Amino acid sequence: EFELEEEGVKLRIKKGGAVGSHVDPAAAVVAAVPVGPALPAAASASVAAPEGDAAFDGLAIVPAPMVGTFYRQPEPGAEPFAAKGQHVQKGQTICIIEAMKLMNEIESELSGEIVEVFVEDGQSVQFGDKLFAIRES
């Protein structure tokens with residue numbers, strides 16, 4: 001038996017139970033959520049508003065567009081794509097997230113200065129984790 005409740009949706013799966021034709025409306029909503037490969041990194045990276053931390057008010061927060069391993073540089077020993085204090089351009093690669101042995105280049109959605117890097121090189125990230133704070137210019 002497995003039960004998951006998240007964001008107001010409850011899903012329960014039970015093995016070996018009686019088979020019935022009743023469809024729970026909540027389960028129908030869950031079934032309607034598309035499941036498939038991640039969007040290309042450039043299309044899925046977006047900029048979110050800062051949440052609750054006054055030090056980052058007015059800054060754009062770049063969230064992780066997928067689950068994976070965060071890399072700041074293209075290979076060990078190389079210069080980082082983006083460092084604190086560096087100016088980046090819209091479309092510039094700012095990091096790589098490795099997911100299922102694929103290296104996904106994450107591009108900046110805006111031009112500005114990197115004010116903070118929230119993640120260490122080689123660290124695992126979850127969808128939505130804060131990666132960078134950027135002061136738009």
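Atom set for the values below is all heavy atoms of this structure, side chains included, hydrogens, waters and symmetry mates excluded. Index from 1, following the sequence. What you see is a predicted model; the values in this text were computed from it and never measured.
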Exercise: identify the closest heavy-atom pair between G112 and S137
CA-OG, 3.5 Å

Would you give the length of the straight line joining atom [atom1] of [X] to atom [atom2] of [Y], rounded to the nearest 0.5 angstrom?
{"X": "S108", "Y": "K90", "atom1": "OG", "atom2": "NZ", "value": "9.0 Å"}
{"X": "E107", "Y": "E109", "atom1": "CD", "atom2": "CD", "value": "8.0 Å"}
{"X": "I94", "Y": "I106", "atom1": "CD1", "atom2": "CD1", "value": "7.5 Å"}
{"X": "I134", "Y": "Q86", "atom1": "CD1", "atom2": "CD", "value": "10.5 Å"}
{"X": "L59", "Y": "I114", "atom1": "CG", "atom2": "CD1", "value": "10.5 Å"}
{"X": "R135", "Y": "L110", "atom1": "CZ", "atom2": "CG", "value": "12.5 Å"}

I want to check something: taking the side chain as every heavy atom from C-beta on, are V67 and V125 in contact at a cut-off of under 4.5 Å?
no

Check whether any side-chain heavy atom of K130 lies under 4.5 Å from a side-chain heavy atom of P63, and answer yes or no.
no

Donor-acceptor contacts, no H, no angles, side chain residues 70-84, under 3.5 Å, sequence neighbours left out:
unit_1: Y71; atom_1: OH; unit_2: E98; atom_2: OE1; d: 3.2
unit_1: R72; atom_1: NH2; unit_2: A82; atom_2: O; d: 3.3
unit_1: Q73; atom_1: NE2; unit_2: D121; atom_2: OD2; d: 3.2

Mind checking what makes side chain to side chain contact (heavy atoms under 4.5 Å, CB included) contact with E120, not counting sequence neighbours?
Q123

Quick one, F132 with V115, criterion side-chain contact (heavy atoms from CB on, under 4.5 Å). Give me CA distance, side-chain angles, the key distance, then yes/no.
CA-CA 7 Å; F132 298 93; V115 176; over 6 Å; no

Given 3.5 Å as the limit, does a donor-acceptor pair link the side chain of D129 with the main chain of A64, or not?
no

With hydrophobic residues grouped by side-chain heavy-atom distances under 4.5 Å, do I96 and L131 end up in a single group?
no

